[in-house]
Structures are given as C-alpha cells and as structure tokens.
Enquirer: 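Got a structure here, written out as structure tokens. Questions coming.
Chain letters run A, B, ... following the sequence lines, proteins first and then strands; every chain starts at 1.
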Amino acid sequence: MSFASLNLAAPLLNALEAAGYEKPTPIQASAIPAVLAGRDVMACAQTGTGKTAAFLLPTLQRLETRRAPAGRGPRALVLTPTRELATQVRDAASVYAKGLPHLRFGTIVGGVPYPPQEKLLMRPLDILVATPGRFLDHMERGRVDFSRLEVVILDEADRMLDMGFLTDVERIMAATPATRQTVMFSATFEGRIATLAGRLLKDPERIRIAATEAQNAKIAQHVHYVSDVAQKKAMLMALLNEDAMGQAIVFTGTKHGADRLATAIGQNGHTAAALHGDMRQGARNRTLAQFRAGTVRVLVATDVAARGIDVAAISHVFNYDLPRSAEDYVHRIGRTGRAGQSGSAVSFALRAEHGALKRIERFTGQPIPVRVLAGFPVTEASAQGAKGAAPAGRGRPQRSGDRNRAGRPEGAPGGGRGFARRSQERDGRAPAGRARLESIGG
DNA sequence: AAAAAAC
C-alpha cells in the first residue's frame, strides 16, 4: 500500500515524500478513497493515527481538480475544538499543498483581533480552519459567504460536543449548502455523536480503526506510585534530569497548577513554560512556537494541549496529575511517539488517583506497568494503592530502568505472580470496540 | 471539581 496507489496527484505525492511520509496509515488508506469519491465519511479514530492528512490530502486534491466558482468565502471548512489545533491543521495544509501554490488557506479563531479575519472572509479561500465560537460570531454579523462551500470537516467532533459546541456546530451546519460533502472524525461513535452524525451525514461511509491498530506501539507507558505531592514533584525533577529526556509535556489538572509547576521546573534549571486557557492568545502562540523551536524544553500544560499538538521532538509525556477522563489519557500520551519516533508516557498516581488509573487501564485494555525509581522507596502510603496492581512491599526498589515489579523487562512474557502475570493475561486482549468514555472520579 | 471556547 502506497500513497500513489490511492490515486493522489503528483504534487501531493511529492510533498508527502519531502515531508518523509512513507506509506498511508490505516485511517488514511480507508478515508482517502472515500473522501476523494465525494462520499460523506464518519471516521472513528484515536489521536495519532494520521487523521489530519486523511482528510486534508483528498480535500486538497478535490479542490485542485474541481473548478472553483467565482466569488468569495471558503470552499472547504474545517472545524476544530481548540485554537492551537486550528492553526496546526492550517499549517499542515500548507505543507501538503506545497506543490499547489495557488490554493489559499486561513484560520478564524477567538482571542485575536477581528479586522484581519473580516478581510480574510472577503476573499476567496480554499480551506478555512476555524473554532466554532468566533466563526459563528462572524456568521451572525453576516460576514460569511457559503455559496462556494463544497465540503465541511468536523475534526475531534466528540471533543467539540464535550465542550458544549453542539448548538454552535448545528447552527453553522444549518447555514451550509445542502449539497455539501460532510466528513466527521471522532474518537468515539456513541450517543450524541451518532445522533449528530445521523443528522449531518448522508449515507456515510463508516470507518472504524481498532484501538490496537490505532495505538502507537512506540509509546512505552509506566506509572510511579507516590505517597504525596512533594514526592511527585521530586520524582518529576529527577526524571527531567535523565539523559534520554528530550522535550517533554507535563500535564496538570489545573491552570494554576501549570503555572506553579512551570516556575518550579524553571528554578530547577530547565527551560519551562506554562500553556493554558487563561493566558492571552498571543502568549499561548508564543509559548507553543518556542516549544516547537526547542527553546522551551518542558511545556507544562492543561488539557488544552492534550489533543492534536504535534511536535516530533517530544520524548516524554508526564501525567503529573492523572486526567479526568480515561479518553484524555489516550490523547495526552499521543503527544509523544510521533513521526516514527519512540516515546515514553510517565504517570504519577497518588493513593487517591488509583481508581482513575484502574479506569484508564480498563479503557485502553492494557495494564500500565508500575515502575520504582531509585532513591524513592515505596512507602506504605504509596504501596497501599498498588494492591491489585502489584503486591505491596514485595521485592526491592529497583533502579529506574525497563523493569517492572516482577523484575522482567517490560513487555517480556510474564508467568510469575502479581502484576506481571496480570500484564500477560490482559496485554492487548481487550477488544478495541469495547472502549467507552468513562469519567474518572466523578 | 477541571478545562476549553465568543465578547
């Protein structure tokens, strides 16, 4: 299977080669022909499966092949849940369309001045990437012309609904031409998503990529049990000093927590910066640009950065606080192991977070190996929660290395007692389709 | 009990 066999045009194939893409991912192999054929598509795919290219490549090809009517406004509209994701999708379109220089792209997101966006909407555009709130704002001011609109793509549709964008999305969709092509991507395909898809899509091609295929095997996951926040912090600092550490994202549960931890990491001699929704958009953009450029090595972020952010040099994702939903865990760790690189996802679990950890394991169908860090002995407070995951108090604390509690390399066949045996029994056995969105701790 | 997104 190659991109050429998907009937993509030469300029796109050249751009893909230049960008180092070798062969289509499963979602790309399924979605590209369907979108090219003009079909509506409902694709269920986790993050990190190459879904941006899966909708951009065929869309670019269709825009290139079909005659553009005169007038203004977008021919393709992509809606995304966060501003950063919108910017990233637009940038990806520019990369893939390097050989199609006449195509025009733009973004419409909140937090930035209106006048440039008004000018943008007065011009003919090929692909417009937007967050729903600001875009609807422009629509209500009568500034959006949909007469040229051919295709609408809803990226991370489940996330948009979670964020309360359902009515915004429906109002936007109601204003688009009935003849449009509609493509919807979502990590889940249940409940409200299925209802929305039923209303918006016509005879859609349904694509579902199993989680086992979607999960990036190159992400090594493990968890450290910690007895208190001070130990969590000390462990993080120790890990950040390890040689294999490239760039890292550290996720926190609160915006304030992100600020405080970024300062603390900075005091420990690393270039660190916070990223969260209370920052001004200019500061958000600057921080992300510095992180991409590598001048900031450690990004301390809330879940605003959990989805979509694509930086190849991220070697480690830390869950300083475990995420609220199991699904967010999958999205967070998907920030590493990108572009063919390997990555590590390291979580810290307080006693109070062990329930959340269990739910994450149930959601992904994979146990997360427990690791003990040299210099941080297992105390009673931290070991307690290891019940059911690993026998507490057994064995010696081991050096931070690729060993689990049973002393076997991670991923090696188990057969002993305790956690390793459970790993073997459960590893990768849970069917992907069983995964459901589960709230943690609520 | 938290985060995101329009002003």
Enquirer: So does Thr131(A) get a side-chain nitrogen or oxygen closer than 4.0 Å to the phosphate oxygens (OP1/OP2) of dA4(B)?
Expert: no
Enquirer: Rounded to the nearest Å, what distance is computed from the CG atom of residue Leu322(A) to the P atom of nucleotide dA2(B)?
Expert: 16 Å
Enquirer: Under the rule for ring-ring contact (aromatic ring centres under 6.0 Å, His included), what residues qualify as partners of Phe185(A), not counting sequence neighbours?
Expert: Phe55(A)
Enquirer: Starting at CG of Asp168(A) and ending at P of dA6(B), how long is that distance when rounded to a whole Å?
Expert: 9 Å
Enquirer: Tell me the interatomic distance from Met163(A), atom CE, to dA3(B), atom P, rounded to whole angstroms.
Expert: 13 Å
Enquirer: For the residue pair His354(A) and Tyr225(A), does the interplanar ring angle fall in the parallel (under 30°), tilted (30 to 60°) or perpendicular (over 60°) class?
Expert: perpendicular
Enquirer: By ring-ring contact (aromatic ring centres under 6.0 Å, His included), which residues pair with His316(A), not counting sequence neighbours?
Expert: Phe318(A)
Enquirer: Reckon Gly164(A) touches a base, only the sugar-phosphate, or nothing at all at heavy-atom distances under 4.0 Å?
Expert: nothing
Enquirer: May I ask you to evaluate whether Arg159(A) reaches the phosphate of dA3(B), defined as a side-chain N or O under 4.0 Å from OP1 or OP2?
Expert: no
Enquirer: Take atom CG of Leu79(A) and atom C1' of dA6(B), then tell me their distance rounded to the nearest Å.
Expert: 14 Å
Enquirer: Using a 4.0 Å heavy-atom cut-off across all strands, classify Phe251(A) as base, sugar-phosphate, or nothing.
Expert: nothing
Enquirer: Could you check how far CG of Asp155(A) sits from C1' of dA4(B), rounded to whole Å?
Expert: 15 Å
Enquirer: How close or far is atom P of dA1(B) from atom CG of Asp162(A), stated in whole angstroms?
Expert: 19 Å
Enquirer: Given atom NE2 of His138(A) and atom C1' of dA6(B), what is their separation to the nearest angstrom?
Expert: 10 Å
Enquirer: Between Asp40(A) and Arg206(A), is there a salt bridge with N-O shorter than 4.0 Å?
Expert: no
Enquirer: More than 12 heavy atoms of other residues, nucleotides or ligands under 6.0 Å from CZ of Arg199(A): yes or no?
Expert: yes
Enquirer: Do Gln88(A) and Arg292(A) get their side chains close enough for a donor-acceptor pair, meaning under 3.5 Å?
Expert: yes
Enquirer: Could you give the CG-to-P distance, from Asp278(A) to dA5(B), as a whole number of Å?
Expert: 10 Å
Enquirer: Which residues in residues 281-291 of chain A have a heavy atom closer than 4.0 Å to any atom of DNA chain B?
Expert: Arg284(A)
Enquirer: Looking at OG1 of Thr271(A) and CD1 of Ile265(A), how far apart are the two atoms once the value is rounded to the nearest 0.5 Å?
Expert: 10.0 Å
Enquirer: Of the listed nucleotides (dA4(B), dA6(B), dA2(B)), which one gets closest to any side-chain atom of Arg324(A)?
Expert: dA2(B)
Enquirer: Students often get this wrong, so: under 4.0 angstrom with heavy atoms, is Asp137(A) touching a base, only sugar-phosphate, or nothing?
Expert: base
